[in-house]
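Read the structure below first, then the notes.
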Amino acid sequence: MKVLIVFYSTYGHIFKMAQAVAEGAKEVAGAEVHIRRIPETLAEEVLEKMGAVEAQKTFSHVPVCAVDELAEADAIIFGTPTRFGNMCGQMRQFLDATGQLWANGSLIGKVGSVFASSATQHGGQESTILTFHVTLLHQGFVIVGLPYSFQGQMRIDEVTGGSPYGATTIAGGDGSRMPSENEIEAARFQGKHVATIAAKLVR
Ligand SMILES: Cc1cc2nc3c(=O)[nH]c(=O)nc-3n(C[C@H](O)[C@H](O)[C@H](O)COP(=O)(O)O)c2cc1C
């Protein structure tokens, strides 16, 4: 049973969440888990102005995802930062290259799940996941979120991401806040939950 975690990250928040999702998925017996990154589309000079160059070096070792790898997975968990309440353009461009997979029905029946990151608490992390789901439904995915059995999403004693739609983190306006332990736990839970369901479907 193959679980693919496909992420794009500018400053490393989503990468950190992706690692936690992978840890959770690996807890499921028989799960073969791979992390892949979405290719960057911004010019180097733009990335420098955004202050992203050093951060992106920390995950430059992660192999870039080839579109065909999606067809080989039983479950795919996508990670994206919020851009104006939607997925980032890099992810959109990657998904727009999956037309052949759509035409062949190659992704129908696979488990699909999304985690996200935003700068502010109400900056669109939920809308990012929900609008991402629309694309997954067109591709025939069976969508899985973050059930309330992950009780950390009920917390109000601290600022935290996470909702029934999926694990999220709040990066802060200047990006200085890295995922909290509760948000990392949510990501681990989502990875394990998706892999558990995929294992049942494969059987
Ligand atoms: C063009 C652009 C648009 C953004 N739009 C939003 C937004 O709508 N809401 C929000 O809270 N954060 C927004 N952000 C902040 C990013 O979501 C934040 O930097 C990201 O979640 C950090 O994750 P990363 O380090 O994995 O890239 C935006 C950032 C950029 C560059």
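Sequence positions, counted from 1, serve as the residue numbers for this chain. Every heavy atom of this structure was used, including side-chain atoms; hydrogens, water molecules and symmetry mates were not. Atoms within a ligand are numbered from 1 in the order they appear, just like the ligands themselves.
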Query raised in the report: Does the pair K57 and E54 meet the rule for a salt bridge (charged side-chain N to carboxylate O under 4.0 Å, His left out), with working shown?
Result: CA-CA 5 Å; K57 279 183 189 160; E54 285 308 309; 3.0 Å; yes
Distance under 4.0 Å to a non-hydrogen atom of [X]: what atoms of ligand 1 satisfy this?
X    : result
F84  : 1 (C), 3 (C), 4 (C), 5 (N), 6 (C), 7 (C), 8 (O)
S9   : 24 (P), 25 (O), 26 (O), 27 (O)
S117 : 17 (O), 20 (C), 21 (O), 22 (C), 23 (O)
T10  : 24 (P), 26 (O), 27 (O)
H13  : 22 (C), 23 (O), 24 (P), 25 (O), 26 (O)

**Report entry** Backbone of K192 reached by a side-chain donor or acceptor of E27 within 3.5 Å
**Finding:** no
Test your reading of the structure: does [X] have an N or O sitting under 3.5 Å from an N or O of ligand 1?
X    : result
I14  : yes
A119 : yes
M50  : no
G12  : yes
T120 : yes
G123 : yes

Query raised in the report: Is it true that the side chains of S117 and T169 contain a donor and an acceptor less than 3.5 Å apart?
Result: no
Query raised in the report: Just checking, is any N or O donor in the side chain of N182 or T160 under 3.5 Å from an acceptor N or O on the other one?
Result: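 There is such a pair between these side chains.
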Query raised in the report: Is any side-chain heavy atom of R36 closer than 4.5 Å to a side-chain heavy atom of F7?
Result: no
Query raised in the report: Among R83, K16, M17, whose heavy atom sits nearest atom 2 (C) of ligand 1?
Result: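 Of the listed residues, R83 has the closest heavy atom.
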Query raised in the report: Are the aromatic rings of Y8 and F94 close, with centres under 6.0 Å apart?
Result: no
Query - Which residue and heavy atom of the protein sit nearest atom 13 (C) of ligand 1, plus the separation - result: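 For atom 13 (C) of ligand 1, the nearest protein heavy atom is T82 O, 3.6 Å.
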Around atom [atom1] of [X], are there more than 12 heavy atoms from other residues, nucleotides or ligands closer than 6.0 Å?
X    : atom1 : result
E48  : CD    : yes
E158 : CD    : yes
E181 : CD    : yes

**Report entry** M154: hydrophobic cluster co-members (side-chain, 4.5 Å)
**Finding:** Y148
**Report entry** Non-hydrogen atom of G175 closer than 4.0 Å to ligand 1
**Finding:**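 G175 does not count as a contact of ligand 1 under the 4.0 Å cut-off.
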Query raised in the report: Does even one non-hydrogen atom of G85 get within less than 4.0 Å of ligand 1?
Result: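 Contact check G85 vs ligand 1: positive.
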